[in-house]
Amino acid sequence: MAAEGWIWRWGWGWRCPGRPGLPCPGPGPTTPLLLLLLLGRVAADITDGNSEHLKREHSLIKPYQGVGSSSMPLWDFQGSTILTSQYVRLTPDERSKEGSIWNHQPCFLKDWEMHVHFRVHGAGKKNLHGDGIALWYTRDRLVSGPVFGSKDNFHGLAIFLDTYPNDESTERVFPYISVMVNNGSLSYDHSKDGRWTELAGCTADFRNRDHDTFLAVRYSRGRLTVMTDLEDKNEWKNCIDITGVRLPTGYYFGASAGTGDLSDNHDIISLKLFQLMVEHTPDEENIDWTKIEPSVSLLKSPKELPLLLPQTMWTTQRATSAAGR
């Protein structure tokens with residue numbers, strides 16, 4: 001692993017007070033002093049949440065522009081989505097609603113990190129609320145559908161923040177965060193909460209919290225990491241860590257949510273995309289990254305598998321997930 005990538009891993013796990021959603025600069029507090037002295041120059045080049053690394057063309061930040069309208073610069077709305085001065089509400093706490101927000105600009109960064117400030121809340125009591133939020137990095141945008149308000153059989157990456165257990169036989173504890181990579185051939189099975197196509201997941205108690213809730217998605221050199229900060233401690237907690245993930249450039253970031261017979265308010269407060277400064281080999285630089293097919297190594301191509309996969313097909317990758325089932 002490159003030195004800069006290794007040091008960045010040490011930086012996970014703590015956040016600076018007063019900088020919601022952002023890691024502190026450089027290595028974490030447990031890093032030995034000798035390591036800091038030897039590699040301090042490298043750490044200075046790593047994304048630490050400074051504005052120089054923030055890609056505003058892919059970010060949604062307050063104060064929002066276009067409050068009271070159905071669109072805003074760089075972002076498109078769909079369905080029940082409304083923009084207020086304090087949040088973007090994908091769905092209200094009402095039945096049978098779906099909404100989404102999508103970035104205008106395709107993203108051509110090879111290595112990136114998305115910080116999401118979100119809130120899921122409503123009047124429903126335990127297991128009487130739903131359905132959750134999906135975060136997307138996909139080829140197609142603004143296509144409504146049955147998967148948390150967006151299309152099924154998508155191309156790209158999805159992170160599901162699921163609040164309702166449709167599968168009564170499940171051993172999972174909800175709310176539950178899971179990851180899916182798709183090349184368009186797989187269908188998300190709501191009746192099984194996406195169990196057969198899940199790469200990894202963790203339990204995450206993010207609903208009806210009386211403080212800010214954050215999620216970070218990091219993709220760099222084939223490694224996909226999902227972290228949460230849900231306890232108001234300014235600390236990142238590991239949720240998902242998968243290697244061997246291949247995602248193309250030129251896809252779109254978005255977020256969607258849906259309600260059915262049960263409902264919740266699903267709010268996005270901010271989406272902040274940061275460029276990770278990572279060196280690639282000459283061979284990697286010569287690849288046409290826009291032509292890459294979404295995939296995960298150690299697994300057969302989804303085109304070679306039936307739509308409903310036996311759970312054992314995903315054992316290798318899911319073993320790297322954090323405990324929390």
Side-chain angles (χ1 to χ4, degrees), residues 78 98 100 102 106-107 114 130-167 169-172 174-202 217 219 222-226 239-258 260 289-321 325:
Q78 188 177 57
E98 61 180 39
S100 64
W102 289 90
C107 178
M114 175 71 81
D131 286 320
I133 294 175
L135 304 172
W136 305 95
Y137 176 68
T138 57
R139 185 188 68 184
D140 304 310
R141 59 190 290 272
L142 287 172
V143 183
S144 61
V147 184
F148 297 89
S150 193
K151 68 169 293 185
D152 202 356
N153 299 99
F154 59 91
H155 288 74
L157 169 70
I159 297 98
F160 302 119
L161 286 70
D162 196 348
T163 58
Y164 181 74
N166 292 284
D167 183 3
S169 65
T170 185
E171 296 178 357
R172 296 174 178 172
F174 281 70
Y176 189 84
I177 298 175
S178 65
V179 164
M180 179 178 175
V181 172
N182 199 355
N183 67 355
S185 65
L186 295 176
S187 180
Y188 180 86
D189 184 2
H190 261 295
S191 67
K192 295 295 182 181
D193 303 308
R195 189 179 187 88
W196 306 137
T197 50
E198 172 199 328
L199 292 174
C202 73
V217 182
Y219 178 69
R223 183 177 181 182
L224 179 69
T225 308
V226 178
C239 174
I240 294 167
D241 194 346
I242 308 170
T243 58
V245 178
R246 288 175 58 84
L247 297 174
T249 59
Y251 279 18
Y252 296 91
F253 288 105
S256 68
W289 289 71
T290 65
K291 303 300 184 183
I292 291 175
E293 179 177 332
S295 63
V296 181
S297 64
L298 304 182
L299 300 176
K300 292 183 179 180
S301 169
K303 290 181 178 179
E304 300 172 17
L305 301 175
L307 291 181
L308 293 180
L309 300 177
Q311 188 176 357
T312 54
M313 293 298 297
W314 302 91
T315 301
T316 302
Q317 290 298 326
R318 291 173 68 180
T320 61
S321 171
R325 293 193 171 358

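Remark: side-chain polar atoms of Asp162 are not paired, donor with acceptor, to backbone N or O of Tyr176 under 3.5 angstrom. In this structure a side-chain-to-backbone donor-acceptor pair under 3.5 Å is missing from Asn183 to Glu293. When atom types are taken as modelled, the side chain of Ser150 and the backbone of Gly145 share no donor-acceptor pair closer than 3.5 angstrom. Ser256 contributes a side-chain N or O that, together with a main-chain N or O of Phe148, makes up a donor-acceptor pair within less than 3.5 Å. In this structure, the side chain of Arg195 does not engage the main chain of Thr170 through any donor-acceptor pair within 3.5 Å.
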Walk me through whether Leu224 and Leu199 qualify under side chain to side chain contact (heavy atoms under 4.5 Å, CB included). CA-CA 11 Å; Leu224 179 69; Leu199 292 174; 5.9 Å; no

Evaluate side chain to side chain contact (heavy atoms under 4.5 Å, CB included) for Lys151 paired with Asp140, printing each intermediate quantity in order.
CA-CA 9 Å; Lys151 68 169 293 185; Asp140 304 310; 3.3 Å; yes

Decide yes or no on side chain to side chain contact (heavy atoms under 4.5 Å, CB included) for Thr197 and Asn182, but give the supporting numbers first. CA-CA 9 Å; Thr197 50; Asn182 199 355; over 6 Å; no

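Once rounded to the nearest 0.5 Å, the distance linking CG of Leu157 with CE of Met180 reads 10.5 Å.
Annotation for Thr249 and Tyr137: closest pair CA-OH, 3.4 Å, computed over non-hydrogen atoms. Annotation for Thr290 and Pro248: closest pair O-CB, 4.2 Å, computed over non-hydrogen atoms. Across all non-hydrogen atoms, the minimal contact from Gly130 to Tyr164 is CA-CB, 4.3 Å. Closest approach of Gly156 to Phe154, counting heavy atoms only: O-CE1, 3.5 Å. Heavy-atom minimum distance, Asn153 versus Leu186: ND2-O, 3.1 Å. Across every non-hydrogen atom of Val245 and Tyr219, the tightest pair is O-OH, 2.9 Å.
Less than 6.0 angstrom separates the ring centroid of Phe160 from the ring centroid of Tyr188.
Within the 4.5 Å cutoff, side-chain heavy atoms of Pro294 are placed close to those of Tyr251. Using a 4.5 Å cut-off on side-chain heavy atoms (C-beta onward), Phe253 and Val217 make no contact.
Residues Asp189 and Ser191 have side chains that bring a donor and an acceptor to within less than 3.5 angstrom of each other.
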